[in-house]
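Note that ligands are numbered from 1 as they come in the structure, with each ligand's atoms numbered from 1 the same way. Treat the numbers as computed from the prediction; the structure is a model and nothing was measured.
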Amino acid sequence: MHTDIRAADFAAYKQRFLDYTDTFKDVPDAAPLRLKVEHTFKVFDHACRIVGSLENEAAPLKEKARDAELCRAAVLAALFHDCGRFPQFRQYRTFLDAKSVNHAVLSFQTMRDSDFLKEESGRVRSLAQCAVLLHNRHTLPPMLDADARFVTDVVRDADKLDIFRIMVSYLTSALPERDAVLLHVKDEPESWSPNVAEDVLAGRIARYGDLRYVNDFRLLLGTWMHELRFAVTRRELAESGLMDMVLSQLPKAEALRPAVEKLKAMLEECRNAGGLA
Ligand SMILES: [Fe+2]
């Protein structure tokens, strides 16, 4: 029997999250925090859609749809995955983890200490907390058990899908928080870092620490296509047109062409994504 996860069933949890964010309303210049609230709700909606699409995936993902606790843990983790961004910004005035604190660890600690999931079973709580802790890891621990991996994958796919939206809006305009969102990289329209382009060609996920130019950000977003786990996320990304926009803004230089061609091919694969084997 397919687990029916409806966003409306989580209204009390959404309110709990809003009540929590309200405790940061005294933070000066808090526009970036308001964006995090918007981001959170979009990630939550994406997670609900991923969980709702599992019946169309191949095994073993399809079986996960029948485990109500797993699905519950996934959407709750999505709702609280960035709660640490609020104390991070209040204390350090930045979202740069390298210059402040690992926000996933802070989210995990906040979730645990505030007991946001106190009404849930121990299994739901620990799976959700584990996914929050791991949501921003460059690579996941190889020994992660299958249930924890699944819950973490839902949050990571949902998170990436919304980060694509945010990044594209900042890459295409001069919004006031642009510099903070793009982590203060240099805006030189014809520059990119060869090591980030190499990540594209090698099928690796680029690292935030390697980004020096705005174009590196575009390449990083492209490399994320490598690890989108769910067919619905891959298709949604392709259908959104966001990645086409990112690719169209990359320099036309000959040296970058192989990387751009590779990303275009990956985008076509996303467009045609079926269930994973
Ligand atoms: Fe995050």
*In the single-linkage hydrophobic clustering (I, L, V, M, F, W, Y; side-chain heavy atoms under 4.5 Å), do Tyr208 and Leu228 co-cluster?*
yes
*Taking all heavy atoms of Cys71 and all of Lys64, pick out the closest pair and write down the distance.*
SG-O, 3.7 Å
*Restricting to N/O/S, name the atom of His103 that gets closest to the Fe ion (ligand 1).*
NE2
*Less than 6.0 Å separating the ring centroids of Tyr20 and Phe116?*
yes
*So which of the N, O or S atoms of Asp82 lies nearest the Fe ion (ligand 1)?*
OD1
*Are Lys36 and Phe95 in a cation-pi setup, meaning NZ or CZ lies under 6.0 angstrom from the ring centre and within 45 degrees of the ring axis?*
yes
*Can you tell me if His135 has an N, O or S atom under 2.8 Å away from the Fe ion (ligand 1)?*
yes
